[in-house]
Trainee: 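First the structure, which I've put down as structure tokens, then a few questions once you've had a look.
Computed from a prediction, not measured in an experiment: that's the story for all the values here. The figures here come from the full heavy-atom set of this structure, side chains too, leaving out hydrogens, waters and symmetry mates.
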Amino acid sequence: QVQLVESGGGLVQAGGSLRLSCTASGGTFSRLTMGWFRQAPGKEREFAAAIIWTSGRAVYADSLRGRFTISRDNAKNQVYLEMNSLKPEDTAVYYCAAAYSGYDVARPSKYNYWGQGTQVTVSS
């Protein structure tokens, strides 16, 4: 069983930056694909970014590529999401997720474990 705990959310003005962190415990972190998803009020959960454990390759939602960067530190069992040039439409609860698979990483159903989420609010 893998436990995931997100941190780093908060309130930021448009154009600002935030760095989210997710700490994993209870599993072999280096063998997990790690993803970030987000869910805005009244909307479905959507994929933001993932980093695949087999290759280290990062995958991004097309709409976020260039503003968001995912990275991981296997020694610390952590994955990060660096978010720049934030917009009010980035306001959402951001979830960290872990998967044993390295395929279809944009699909929530491919993830085995989820964190509780951290709120990001971007003011205009």
Trainee: Under 3.5 Å, is there a donor-acceptor pair between the side chain of D73 and the main chain of K76?
Mentor: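 A pair under 3.5 Å: yes.
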Trainee: Are I70 and F29 co-members of a hydrophobic cluster defined by side-chain heavy atoms under 4.5 Å apart?
Mentor: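 Per the 4.5 Å side-chain linkage, F29 and I70 are co-clustered.
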Trainee: To the nearest 0.5 Å, tell me how far R72 CZ sits from I51 CD1.
Mentor: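 R72 CZ to I51 CD1: 6.0 Å, rounded to 0.5 Å.
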Trainee: Is there a side-chain contact between R57 and V105 (heavy atoms, below 4.5 Å)?
Mentor: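 With C-beta onward as the side chain, the pair stays apart.
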Trainee: Side chain of T121, backbone of T91: donor and acceptor closer than 3.5 Å?
Mentor: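 Such a contact is absent between T121 side chain and T91 backbone.
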Trainee: Spell out, yes or no, whether W114 and V93 are grouped together once hydrophobic residues are joined by side-chain heavy atoms under 4.5 Å, including indirect joins.
Mentor: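 Yes: a chain of side-chain contacts under 4.5 Å links W114 to V93.
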Trainee: Tell me, do N112 and V2 make a side-chain contact under 4.5 Å, heavy atoms counted?
Mentor: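 No, every pair of side-chain atoms sits at 4.5 Å or beyond.
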Trainee: Only pairs under 3.5 Å count here: list side-chain donor-acceptor contacts from residues 12-26, not counting sequence neighbours, and write none if there are none.
Mentor:
{"residue": "S17", "atom": "OG", "partner": "N84", "partner atom": "OD1", "Å": "2.8"}
{"residue": "T23", "atom": "OG1", "partner": "Q78", "partner atom": "NE2", "Å": "3.0"}
{"residue": "S25", "atom": "OG", "partner": "Q3", "partner atom": "OE1", "Å": "3.4"}

Trainee: Between E6 (side chain only) and C96 (backbone N and O only), is there a donor and an acceptor less than 3.5 Å apart?
Mentor: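 Here the side-chain-to-backbone pair exists.
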Trainee: Between the main-chain N or O of G102 and the side-chain N or O of W53, is there a donor-acceptor pair closer than 3.5 Å?
Mentor: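 Absent.
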Trainee: Look at the aromatic rings of F68 and Y94 and report parallel, tilted or perpendicular, splitting at 30° and 60°.
Mentor: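 Judged by the thresholds at 30° and 60°, the geometry between F68 and Y94 is tilted.
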Trainee: Can you see which heavy atom on A106 is nearest to which on P108, and at what distance?
Mentor: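 That closest heavy-atom pairing would be O-CD, 3.5 Å.
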Trainee: Okay, side chain of T118, backbone of S7: is any donor-acceptor separation there less than 3.5 Å?
Mentor: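 Not at all, since once roles are kept as given, no pair shorter than 3.5 Å links the two residues.
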Trainee: To the nearest 0.5 angstrom, please state how far the CD atom of E89 sits from the OG atom of S124.
Mentor: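 Taking CD in E89 and OG in S124, the distance rounds to 10.0 Å.
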Trainee: Nearest 0.5 angstrom please: S85 OG to L64 CG, how far?
Mentor: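 Rounded to the nearest 0.5 Å, the OG-CG separation comes out at 12.0 Å.
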Trainee: Is it the case that more than 12 heavy atoms not belonging to R31 sit under 6.0 Å from its CZ atom?
Mentor: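 Atom CZ in R31 is not crowded, with 12 or fewer foreign heavy atoms closer than 6.0 Å.
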Trainee: Between Y80 and L4, is there a shared hydrophobic cluster once you connect ILVMFWY residues whose side-chain heavy atoms come closer than 4.5 Å?
Mentor: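 No, because Y80 and L4 fall into different hydrophobic clusters, even though each may have its own neighbours under 4.5 Å.
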Trainee: Looking at every heavy atom in both L81 and A49, which two are closest together, and how far apart are they?
Mentor: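 Minimum heavy-atom contact is CD1-CB, 4.1 Å.
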Trainee: State, with a plain yes or no, whether a side-chain heavy atom of M83 is found less than 4.5 Å away from one of D90.
Mentor: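 M83 does not reach D90 side chain to side chain.
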Trainee: Report yes or no: do Y60 and V79 belong to one cluster of Ile/Leu/Val/Met/Phe/Trp/Tyr joined by side chain heavy-atom distances under 4.5 Å?
Mentor: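 Yes, because Y60 and V79 connect within a single hydrophobic cluster, where side-chain heavy atoms sit under 4.5 Å apart.
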Trainee: Going from CD on E44 to CZ on R38, what distance comes out if it is rounded to the nearest 0.5 angstrom?
Mentor: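 Nearest 0.5 Å value for the CD-CZ distance: 14.0 Å.
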Trainee: Closest heavy-atom contact between A98 and L32?
Mentor: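 That closest heavy-atom pairing would be CB-CD1, 4.1 Å.
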Trainee: Any idea which heavy atoms bring A50 and Y111 closest together, and the distance?
Mentor: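 Here A50 and Y111 meet closest at CB-OH, 3.5 Å.
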Trainee: Please determine whether residues I52 and F37 belong to a single hydrophobic cluster, defined as Ile, Leu, Val, Met, Phe, Trp and Tyr linked transitively by side-chain heavy-atom distances below 4.5 Å.
Mentor: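 Yes, I52 connects to F37 through the hydrophobic network.
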